[in-house]
Participant: 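Below you'll find the structure I mean.
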Amino acid sequence: MILAFDPSRYPRAVTLLPQSEEDVQASILHELHRLGILAWHLDAGGRKTRRMLQARGVAMGAGGLGDIPEGWPDILGIMPDGQALFIEVKRPGVRVGTKRVQTAGALSDAQISFLTRAEIQNAIAFAAWDVSDVVAVLD
């Protein structure tokens, strides 16, 4: 399972061009859809989503908003064979020479815990800093 950013795994272009997490998510979702995998971005833990649901009085499950587990990943998918797919997306780190331009996104303990539990239950679960991580795991 991929849980940390290692710049040596990526093409030079990935570590030279700053990208937002949203850019990485979009490229991953595009690749998953190209591969025929059902996948969605779900900002379940985001403040914006929680505020919207609270404002509308929407509960998620019998226990309300607390039912979404802490560490829920950014992308949820269903593989063609029915296996669950969970991808936590982070932005890659970028350096120009010796100067750090962008620090790589790091996983929280809750995110690591969620991905580990999902993998134990036979889901495909990992973190991705670039679409190449998805291709490597799914190949």
Side-chain angles (χ1 to χ4, degrees):
M1 177 185 339
I2 301 170
L3 294 176
F5 179 75
D6 175 1
S8 68
R9 280 197 324 252
Y10 302 98
R12 190 164 158 76
V14 171
T15 60
L16 287 177
L17 301 172
Q19 297 178 69
S20 69
E21 185 173 307
E22 291 78 18
D23 293 337
V24 178
Q25 282 175 7
S27 64
I28 290 171
L29 284 168
H30 177 77
E31 180 65 11
L32 292 171
H33 293 154
R34 189 188 72 73
L35 293 171
I37 297 168
L38 294 173
W40 306 268
H41 166 66
L42 179 62
D43 183 26
R47 281 180 268 148
K48 182 178 177 182
T49 301
R50 288 189 178 274
R51 280 195 310 262
M52 179 207 54
L53 292 172
Q54 287 169 337
R56 292 185 181 175
V58 176
M60 297 177 81
L65 294 173
D67 283 347
I68 294 175
E70 189 176 356
W72 184 264
D74 298 301
I75 294 176
L76 167 64
I78 304 169
M79 298 297 292
D81 66 358
Q83 188 176 21
L85 172 68
F86 297 102
I87 305 171
E88 178 58 42
V89 180
K90 297 295 182 183
R91 70 176 188 212
V94 176
R95 287 189 170 273
V96 175
T98 58
K99 182 180 177 185
R100 184 183 312 154
V101 177
Q102 177 174 289
T103 303
L107 292 158
S108 70
D109 290 342
Q111 290 167 333
I112 292 170
S113 176
F114 183 95
L115 294 173
T116 301
R117 288 190 333 256
E119 189 174 65
I120 287 169
Q121 296 202 9
N122 296 320
I124 299 171
F126 60 97
W129 286 262
D130 183 65
V131 70
S132 62
D133 290 324
V134 174
V135 172
V137 169
L138 297 182
D139 273 350

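By convention here, the first residue in the shown sequence is residue 1.
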Participant: If you count heavy atoms of other groups shown closer than 6.0 angstrom to CD of E21, is the number above 12?
Facilitator: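 Atom CD in E21 is crowded, with more than 12 foreign heavy atoms closer than 6.0 Å.
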Participant: Quick check for you: to the nearest 0.5 Å, what is the distance between D74 atom CG and L42 atom CG?
Facilitator: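 That separation rounds to 9.0 Å.
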Participant: Quick one: CG on L32 to CD1 on I78, what's the gap to the nearest 0.5 Å?
Facilitator: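 Rounded to the nearest 0.5 Å, the CG-CD1 separation comes out at 12.0 Å.
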Participant: Between the side chain of K90 and the main-chain N/O of A106, is any donor-acceptor distance below 3.5 Å?
Facilitator: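 Yes: the side chain of K90 pairs with the backbone of A106.
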Participant: Minimum heavy-atom separation for I28 and I87, please, with both atom names.
Facilitator: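 Heavy-atom minimum between the residues: CG2-CD1, 4.2 Å.
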Participant: Where the side chain of R91 meets the backbone of T103, is there a donor-acceptor pair that is under 3.5 Å apart?
Facilitator: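 Between the backbone of T103 and the side chain of R91 there is a qualifying donor-acceptor contact (under 3.5 Å).
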Participant: Does D6, at its CG atom, have more than 12 non-hydrogen atoms belonging to other residues, nucleotides or ligands within less than 6.0 Å?
Facilitator: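 Buried by this count: over 12 neighbours within 6.0 Å.
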Participant: Is there a donor-acceptor contact under 3.5 Å from the side chain of H30 to the main chain of A26?
Facilitator: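 No, H30 side chain to A26 backbone: no donor-acceptor pair under 3.5 Å.
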Participant: F114 versus E88: any side-chain heavy-atom pair under 4.5 Å?
Facilitator: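 F114 does not reach E88 side chain to side chain.
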Participant: Going only through I, L, V, M, F, W and Y residues with side-chain contacts under 4.5 Å, is there a path from F126 to V135?
Facilitator: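 Result: no, two separate clusters.
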Participant: Check whether any side-chain heavy atom of Q19 sits under 4.5 Å from a side-chain heavy atom of D130, and report yes or no.
Facilitator: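 Of all side-chain heavy-atom pairs linking D130 with Q19, at least one is under 4.5 Å.
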Participant: To the nearest 0.5 Å, what is the distance between CG (D109) and CD (E70)?
Facilitator: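 The CG atom of D109 sits 9.5 Å away from the CD atom of E70.
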Participant: Could you measure the distance from the CD atom of E119 to the CD1 atom of I124? Nearest 0.5 Å is fine.
Facilitator: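 So the CD of E119 and the CD1 of I124 are separated by 9.5 Å.
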